[in-house]
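Notes to accompany the following structure.
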Amino acid sequence: MRKMTVTPYNEAWVHQFSQEAKILRGLFGDELLEIHHIGSTAVPGLKAKPIIDMLPVVKDIERIDSYHEAMRQLGYVPRGEFGLEGRRYFPKGGDNRTNHVHIYQTGHPAIDRHLAFRDYLRSHPEVAKAYGTLKEGLALRYPHDPAAYVNGKEAWVLTTEKVALEWFAAQ
């Protein structure tokens, strides 16, 4: 059973992202346009679940389905869209997750949403600190209930995403 654990920021997360991004670049080759480190582990100083979230941007999302076996060989589990239209989702590590890969085709609006949220938190450490405190409390309250953890932060994230997108657009 997965346990929700939020830890202090770890500088090793940047290196872990870089190493895994190099592997994915080799796998996807010319199909990959760029790859971003997103989520809480991409925000210096932010408490986070120690899972590296990655956002590869590709030319054609439909072609990604042909990489399922290659992703399995790397330890990832193909989950298809997994509730988000236009995404391909691949977790790694089972109950002890190490990575989440969220692949989108270039131009998908979720790309800007993820980057805006990340960059807003990077530029507003007081907001990032509040988010870390919220997540830490939820992980303590719901250590074995991922759905309750996600639901507990949903309103905060949606409100902050709206502000972040406005801020991002003005940059």
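None of the values given here were measured: they were computed from a predicted structure.
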| field | Nearest atoms (heavy-atom pairs only) where Ala116 meets Trp167 | value | O-CZ3, 4.3 Å
| message | Tell me whether Lys135 contacts the main-chain N or O of Lys47 through its side chain, where contact means a donor paired with an acceptor under 3.5 Å. | response | yes
| query | Taking the side chain as C-beta and beyond, is there a heavy-atom pair between Phe168 and Asp112 under 4.5 Å? | reply | yes
| task | Please test His108 against Val57 for side-chain contact (heavy atoms from CB on, under 4.5 Å), starting from the C-alpha separation and ending with a verdict. | result | CA-CA 9 Å; His108 194 287; Val57 178; over 6 Å; no
| query | So, for Leu84 and Tyr104, which heavy atoms are closest and what is the spacing to 0.1 Å? | reply | CD1-OH, 3.9 Å
| remark: Heavy-atom nearest pair, Ala42 first then Pro44, reads O-CD, 3.5 Å
| remark: Closest non-hydrogen atoms of Leu27 and Met71, given as atom of the first, atom of the second and distance, are CD2-SD, 3.4 Å
| query | Quick check: does any side chain N or O of Thr159 sit under 3.5 Å from a backbone N or O of Trp156, one acting as donor and the other as acceptor? | reply | no
| query | Is a side-chain donor or acceptor of Thr7 paired with a backbone partner of Ala48 at a separation under 3.5 angstrom? | reply | yes
| query | Going through the distances and angles, do Ile51 and Thr41 end up as a side-chain contact (heavy atoms from CB on, under 4.5 Å)? | reply | CA-CA 7 Å; Ile51 301 169; Thr41 62; 5.7 Å; no
| query | Around Glu11, counting heavy atoms of other residues, nucleotides and ligands shown, do more than 12 lie under 6.0 Å from its CD? | reply | no
| In one Ile/Leu/Val/Met/Phe/Trp/Tyr side-chain cluster, 4.5 Å: Phe17, Trp13 | yes
| What about Leu24 and Ile103, same hydrophobic cluster or not, with Ile/Leu/Val/Met/Phe/Trp/Tyr joined at side-chain heavy-atom distances under 4.5 Å? | yes
| request: Going by the ring pair (Phe, Tyr, Trp, His ring centres under 6.0 Å) test, name the single residue among Phe28, Tyr76, Phe90 that passes it with Tyr67. | output: Phe28
| request: Flag yes if Leu165 and Val43 sit in one hydrophobic cluster, no otherwise; membership is Ile, Leu, Val, Met, Phe, Trp, Tyr, and two members link when side-chain heavy atoms are under 4.5 Å apart. | output: no
| task | For residues Ala164 and Tyr120, report the shortest heavy-atom separation together with the two atoms involved. | result | CB-CB, 3.5 Å
| task | Calculate, to the nearest 0.5 Å, the distance between atoms CD1 and CG belonging to Ile38 and Leu55 respectively. | result | 4.5 Å
| task | Please test Ile52 against Thr98 for side-chain contact (heavy atoms from CB on, under 4.5 Å), starting from the C-alpha separation and ending with a verdict. | result | CA-CA 6 Å; Ile52 308 302; Thr98 58; over 6 Å; no
| said: For the CG atom on Asn151, are there more than 12 heavy atoms of other groups (residues, nucleotides or ligands in this structure) within a distance under 6.0 Å? | reply: yes
| Does atom CD of Glu126 have more than 12 heavy-atom neighbours from other groups under 6.0 Å away? | yes
| query | Under the 3.5 angstrom rule, does the side chain of Glu31 hit a backbone N or O of Asp60 as a donor-acceptor pair? | reply | yes
| note | From the list Arg88, Met54, Arg87, His36, side chain to side chain contact (heavy atoms under 4.5 Å, CB included) partner of His102 resolves to Arg87
| Are any side-chain N or O atoms of Arg118 and backbone N or O atoms of His37, one a donor and one an acceptor, separated by less than 3.5 Å? | yes
| Would you call Lys3 and His144 a side-chain contact if the rule is heavy atoms closer than 4.5 Å? | yes
| request: Return yes if a side-chain donor-acceptor contact under 3.5 Å exists between Gln16 and Glu20, otherwise no. | output: no
| message | Does Phe117 form a ring pair (Phe, Tyr, Trp, His ring centres under 6.0 Å) with Tyr131? I'd like the steps, not just the answer. | response | CA-CA 12 Å; Phe117 189 73; Tyr131 186 39; 5.7 Å; yes
| request: Identify the heavy atoms of Val6 and Ala139 that sit nearest to each other, and give their distance. | output: CG2-CB, 3.6 Å
| task | Could you tell me whether Arg72 and Glu69 make a salt bridge, using a distance below 4.0 angstrom between a side-chain N and a carboxylate O? | result | yes
| said: Rounded to the nearest 0.5 Å, what separates atom CG in Asp30 from atom CZ in Arg25? | reply: 13.5 Å
| said: Any non-hydrogen side-chain atom of Leu121 less than 4.5 Å from a side-chain atom of Val127? | reply: yes
| Taking atom CZ of Arg141 as the centre, does the number of heavy atoms from other residues, nucleotides or ligands within less than 6.0 Å exceed 12? | no
| Do Val77 and Tyr89 belong together in a cluster built from hydrophobic side chains that touch within less than 4.5 Å? | no
